[in-house]
Protein chains: 2
Amino acid sequence: MARASQTEVAVLGGLSVQPMTGYALREAIRDVLGHFWSESYGQIYPTLANLERQGFVRRQDAARTGASTFAITPSGTRRLEELLAQPVQAAPPRNGLLLRLYFGRHLGPAACRTLVQAALAEAQDALKRYAEIRAEIEGQDSEDRDYWLLTVSAGEHSARAAQAWAHDALSTLAELDDPARTRPGRTS
Amino acid sequence: MARASQTEVAVLGGLSVQPMTGYALREAIRDVLGHFWSESYGQIYPTLANLERQGFVRRQDAARTGASTFAITPSGTRRLEELLAQPVQAAPPRNGLLLRLYFGRHLGPAACRTLVQAALAEAQDALKRYAEIRAEIEGQDSEDRDYWLLTVSAGEHSARAAQAWAHDALSTLAELDDPARTRPGRTS
DNA sequence: GTCATCATGTAAACCGTTACATGATTGT
DNA sequence: ACAATCATGTAACGGTTTACATGATGAC
């Protein structure tokens, strides 16, 4: 019962949508879950091997050539349900941008603005990507559709919040950089 | 030049506010940076030892009893500025809640709602804490004040976004759970 | 035939947490 | 005296990324 990493959830979940090779699984995770999840080969292949040993996935088309497609088994589906029901374990927060801004006095307002501008650009990129993903999901008629849209919506809310915050932060930093511009009385 | 972890930023930054013991530093990071950063003893003590070897911090009051207070040195301040200027390295995303919701069909709408409700409660707690922190920071007159408020503002935006999303998500999930309630035509 | 991509896997390194061992200080 | 908290450190463990080695397949 030791192995209960969230990687198993991602792997079994991915295979629950459709059978795939390890390589395709990684691509799918990057492209589809990319805005809230990531896995590397170093995680995926050993996890697949474990899951196979336990009978939760099975290897099809193991032709003489390396490539083999993995499919989830009925017991694997049960295992997935079990893992999904486990409590979400919150990762300790680590936000490099906020860490820098907190000590921003040592960095100066101008450099801070550059950092925030980068964050703003990122948020705007993200919003564009979400619009595309949303359109794509809304187009199809899967049972999963509404659940998938839930995660897109989370991304959208979060990106809009980042955008709004960045605007606020930029005007605060502009004042710190040049108080004269907003307090015309003090030209000293 | 190998050691350039962000832990050094947190440690040097903390000591730039005031000299502290390793223990106090950890408490300060938990209490003050807690909503966007975390460090454990296993990181802090070795990092302090490294920084001391490099002359970026020095140990005062190394009385015969174990406890010693660390202070940042002038070269440590320069080092901090250098580290702050380095590009923010984005951590790979890992959101356990969204991972579960994406595969929510296997979990069922009711269990998903429980998850989202927990997230909503968390966001509301966070907003309360931010209000307190904000009041406290606004009360003082430090040079750092405006930078510190920037990070609080980021937390507030993010928590409000989480709150709004959770509300949306809960009504979506309610429909999935019992379509009759919102589509009275189909009682089948 | 050769280049890009698909595909599998492993080893080393890194980062970080947890748990433990240990002991001083302070309040009751 | 004893309990709680302050304080320092380390060892073990676990999870994750990166880089590497290797080779098949398909397009041009």
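Chain identifiers are assigned alphabetically (A, B, ...) following the order of the sequence lines, protein sequences preceding nucleic acid strands; residue numbering begins at 1 within each chain.
DNA chain D is contacted by both B:T21 and A:E39; B:T21 maps to the nucleotide lying nearer its 5′ end (nearest heavy atom per residue).
Evaluation of the side chain to side chain contact (heavy atoms under 4.5 Å, CB included) rule for B:E52 yields B:V57, B:R59 as partners, not counting sequence neighbours. For A:D125, the salt bridge (Lys or Arg N to Asp or Glu O under 4.0 Å) test picks out no residue, with sequence neighbours left out. Checked against ring-ring contact (aromatic ring centres under 6.0 Å, His included), A:W148 has the following partners two or more places apart in sequence or in another chain: B:Y102. Taking the salt bridge (Lys or Arg N to Asp or Glu O under 4.0 Å) definition, one finds that A:E81 meets it with nothing, sequence neighbours left out. Applying the ring-ring contact (aromatic ring centres under 6.0 Å, His included) criterion to B:H35, with sequence neighbours excluded, gives B:Y130. When the salt bridge (Lys or Arg N to Asp or Glu O under 4.0 Å) test is applied to B:D144, the partners found at least two apart in sequence or on another chain are A:R105.
Which of D:dA7, D:dT16, C:dG16 sits closest to the side chain of B:A67 comes down to D:dA7. Candidate nucleotides C:dA7, D:dT17, C:dG9 were compared by shortest atom distance to the side chain of B:P92, and D:dT17 ranks first. For A:Y23, taking side-chain heavy atoms from C-beta onward, the closest of the listed nucleotides C:dG16, D:dA7, C:dA7 is C:dA7.
End-to-end axis angle for the helix from C:dG1-D:dC28 to C:dT28-D:dA1, using five pairs per end and rounding to 10°, comes out at 20°.
Contacts classified as salt bridge (Lys or Arg N to Asp or Glu O under 4.0 Å) and involving residues 9-23 of chain A (residues at least two apart or in different chains) are not found. Residue pairs that meet the salt bridge (Lys or Arg N to Asp or Glu O under 4.0 Å) test with at least one member in residues 10-39 of chain B, sequence neighbours left out, are A:R94-B:E39, B:E27-B:R30. Under the side chain to side chain donor-acceptor pair (under 3.5 Å) criterion, the residue pairs touching residues 40-49 of chain A are A:T7-A:Q43, with sequence neighbours excluded.
Counting to the nearest Å, the P atom of D:dG15 and the CD atom of A:Q6 are 11 Å from each other. Atom CG of A:N50 is separated from atom P of C:dT10 by 11 Å (rounded to the nearest Å). Between A:Q89 atom CD and C:dG16 atom P the separation is 17 Å, expressed in whole Å. One atom, CG of B:L51, and another, C1' of D:dT8, lie 16 Å apart when rounded to the nearest Å. In this entry the distance linking OH of A:Y45 with C1' of D:dG23 reads 12 Å, nearest Å.
Listed pair A:S68 / C:dT8 meets the phosphate criterion, a side-chain N or O lying under 4.0 Å from OP1 or OP2.
Residue B:E82 forms a side chain to side chain donor-acceptor pair (under 3.5 Å) with just one option from B:Q86, B:R78, B:R79, and that option is B:R79.
Residue-level contact check: B:S38 touches the backbone only, with heavy atoms under 4.0 Å from sugar-phosphate atoms and none from bases.
B:T73 contributes a side-chain N or O that, together with a main-chain N or O of B:F56, makes up a donor-acceptor pair within less than 3.5 Å.
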Table of protein N/O atoms under 3.5 Å from nucleotides 18-22 of chain D N/O atoms:
none

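Across residues 25-37 of chain B, not one residue has a non-hydrogen atom less than 4.0 Å from an atom of DNA chain C.
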